[in-house]
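Worth knowing before you read on, the calculation uses all heavy atoms, side chains too, and leaves out hydrogens, waters and symmetry mates. Proteins get letters first, then strands, A, B, ... in listed order; numbering begins at 1 in each.
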Protein chains: 2
Amino acid sequence: MSGERQSRANKEDHPVETAPSMEDRHVASVAVAVDVVPFGLRDGALHAALVRVGHADEAGLFAFPGGRVQPVESLDVAARRCLERHLSPTGSFLEQLYAFGEPGRDPSSRVVSVAYLALVPQTEEAPGVHWFPSSDLPPLAYDHGAVADKALDRLRGKLAYTNIAFGLLADGFTLAEFQKVYETILGRALDRRNFRKKVLALELVRPMGRVRHGPHRPAELFQFAQRALTTVETPLTKKG
Amino acid sequence: MSGERQSRANKEDHPVETAPSMEDRHVASVAVAVDVVPFGLRDGALHAALVRVGHADEAGLFAFPGGRVQPVESLDVAARRCLERHLSPTGSFLEQLYAFGEPGRDPSSRVVSVAYLALVPQTEEAPGVHWFPSSDLPPLAYDHGAVADKALDRLRGKLAYTNIAFGLLADGFTLAEFQKVYETILGRALDRRNFRKKVLALELVRPMGRVRHGPHRPAELFQFAQRALTTVETPLTKKG
DNA sequence: TTCTAGTTGTGTACGATTTACACAACCGGA
DNA sequence: TCCGGTTGTGTAAATCGTACACAACTAGAA
């Protein structure tokens with residue numbers, strides 16, 4: 001179901017089932033929030049954006065950006081609003097992650113939070129936003145430690161079978177940079193030649209015909225063939 | 001975040017951000033429910049359990065079992081309660097699927113529903129519960145059509161890389177039955193010899209040393225090596 | 001001008017995995 | 001005793017994954 005209608009429709013014999021009137025009146029009901037886990041790259045390493053909780057029990061700790069879901073707002077819209085309130089970039093990748101609803105997760109009131117995974121490409125500075133290496137997060141408020149774990153798991157999982165990395169890189173990257181994203185998130189080295197072969201064979205990225213000049217041999221620049229999430233049948237990451 | 005605390009802590013300058021007092025008072029706030037999609041096998045085919053919605057706008061339609069989340073109850077517990085209210089089997093597989101929160105999904109009130117995927121082995125009859133082939137569901141109330149799609153996608157996806165099938169079969173099955181589960185859910189045929197080789201090599205199932213007698217050559221009976229969700233590195237389903 | 005350090009770009013041989021495929025064993029019932 | 005229908009098993013070919021080395025190119029230093 002999805003509301004009290006069905007609760008009423010089906011048998012009400014279960015002791016813990018709430019009578020509809022109880023919901024309508026007031027109080028100890030359950031609130032809905034969203035939390036967004038924004039990942040981005042800073043000097044090659046994966047970082048997560050956090051904001052300070054300046055209030056009550058959890059004061060001084062960090063937490064992911066979030067907020068209540070408004071009465072007329074979908075979950076996706078609420079998540080994007082919370083993301084863009086802190087980080088300007090519009091159009092970043094955003095997908096639902098998991099709903100966290102343990103009764104004690106927020107000590108002050110009963111809140112069910114739908115967590116979202118966000119990927120932001122530029123990682124520009126924003127006031128009040130602190131970026132931490134994803135492998136070394138500070139103590140987090142609420143159950144946001146578990147949220148962070150879930151987000152990292154999801155990101156790692158999708159990295160192997162989708163083109164999700166497009167959310168972290170702006171067009172015009174070298175294959176070395178691209179590969180470093182994979183190595184950073186997966187935590188292991190990949191073979192340069194096999195990696196190149198694979199991503200080109202899958203048509204994941206496309207050469208732009210331009211090169212970047214540096215102190216060494218110029219590197220070809222690439223862009224993503226698709227900037228929407230697509231699944232590939234063969235894993236992008238075994239050794240190369 | 002996870003509640004109003006953080007909303008207060010961070011800048012309140014966003015126009016649509018709710019003042020905390022508004023939440024505490026009353027009304028048009030958002031309710032939380034769970035919906036459970038119970039899958040099971042009936043004569044070899046995948047079926048889903050539905051109950052009738054006997055009320056209001058959606059009267060006469062079918063919907064998945066569900067109900068409000070109680071103030072002191074976790075989401076997982078709420079889902080299991082809703083499942084077991086209709087279907088007796090305790091200990092069935094149950095995992096969170098997705099949170100559905102479009103404002104209009106329940107025409108009568110604003111409800112965010114956290115959907116769960118359930119697998120029930122026996123598929124015994126229960127009063128008020130109707131089983132439909134998953135490929136041919138009746139018109140569903142609310143957005144339960146989308147919920148059903150998501151549940152099927154998840155089941156298909158996990159079938160390839162986990163031992164999730166243990167949720168559908170009781171110990172003491174033949175390999176033919178086991179394979180048919182895969183073929184039914186995936187919608188394509190698998191090679192009998194390769195299938196046997198793979199599930200034995202992965203130690204997914206174990207021979208019990210017993211056989212089942214029928215009108216033909218007796219078939220060895222198997223059980224699952226693990227009855228908890230485990231992931232395998234190599235896909236169980238390519239052709240065999 | 002030449003040399004060097006450091007990076008980018010490319011192909012091939014080996015092994016492992018996946019796939020296709022056919023036949024004998026076994027039972028109940030006619 | 002024969003027959004239909006199912007279960008159980010192995011092997012060869014193709015595909016895919018993996019390891020690996022060397023030439024090309026540039027900026028900057030000598």
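If you measure from atom CZ of Phe195(A) to atom C1' of dG9(C), you get 15 Å, rounded to the nearest angstrom. At whole-Å resolution of the value, CZ in Arg193(A) and C1' in dA24(D) are 15 Å apart. Nucleotide dG9(C) holds its C1' atom 11 Å from the CG atom of Leu200(A), rounded to whole Å. In this structure, the CD atom of Glu233(A) is 14 Å from the C1' atom of dT15(D), given to the nearest Å. Remark: P of dT10(C) and NZ of Lys198(A) are 18 Å apart, rounded to the nearest angstrom. As rounded to whole Å, 17 Å separates atom C1' of dT8(C) from atom NZ of Lys180(A). Atom-to-atom, CG of Asn194(B) to P of dA14(D) comes out at 16 Å; the value is rounded to the nearest Å. Atoms CG (Asp191(A)) and P (dT12(C)) sit 16 Å apart, rounded to a whole Å.
In this structure, the separation between CZ on Arg156(B) and CG on Leu46(B) is 8.5 Å, given to the nearest 0.5 Å. Note that CZ of Phe224(B) is 6.0 Å distant from CG of Leu204(B), once rounded to the nearest 0.5 Å.
If you find the closest nucleotide of DNA chain C to Pro235(B) and to Glu177(A), the one lying nearer the 5' end belongs to Glu177(A). Place His213(B) and Thr174(A) on DNA chain C by their nearest nucleotides, and Thr174(A) ends up nearer the 5' end.
Proximity of Arg192(A) to the phosphate of dT8(C): no side-chain N or O atom is located under 4.0 Å from OP1 or OP2. Dashed line: the shortest gap from a side-chain N or O of Thr234(A) to OP1 or OP2 of dG17(D) is under 4.0 Å.
Asp143(A) places no side-chain N or O within donor-acceptor distance of the main-chain N or O of Arg105(A), the cut-off being under 3.5 Å.
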Measure all distances between protein nitrogen or oxygen atoms and nitrogen or oxygen atoms of nucleotides 3-6 of chain D, and list the pairs falling under 3.5 Å.
| residue | atom | partner | partner atom | Å |
| --- | --- | --- | --- | --- |
| dG5(D) | N2 | Arg217(B) | N | 3.4 |

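Aromatic pair Phe178(A)/Phe195(A): centroids less than 6.0 angstrom apart.
Sparse packing is recorded around CD of Glu203(A), with 12 or fewer heavy atoms of other residues, nucleotides or ligands lying under 6.0 Å away.
For Pro218(B), whose side chain is taken as the heavy atoms from C-beta onward, the closest listed nucleotide among dC21(C), dC27(C), dA21(D) is dC27(C).
If you check the side chains of Tyr161(B) and Tyr161(A), you find a donor sitting under 3.5 Å from an acceptor.
The closest side-chain heavy-atom distance from Leu50(B) to Pro138(B) is below 4.5 Å.
You'll find a donor-acceptor pair under 3.5 Å spanning the side chain of Lys197(A) and the base of dT12(C), going by distance alone.
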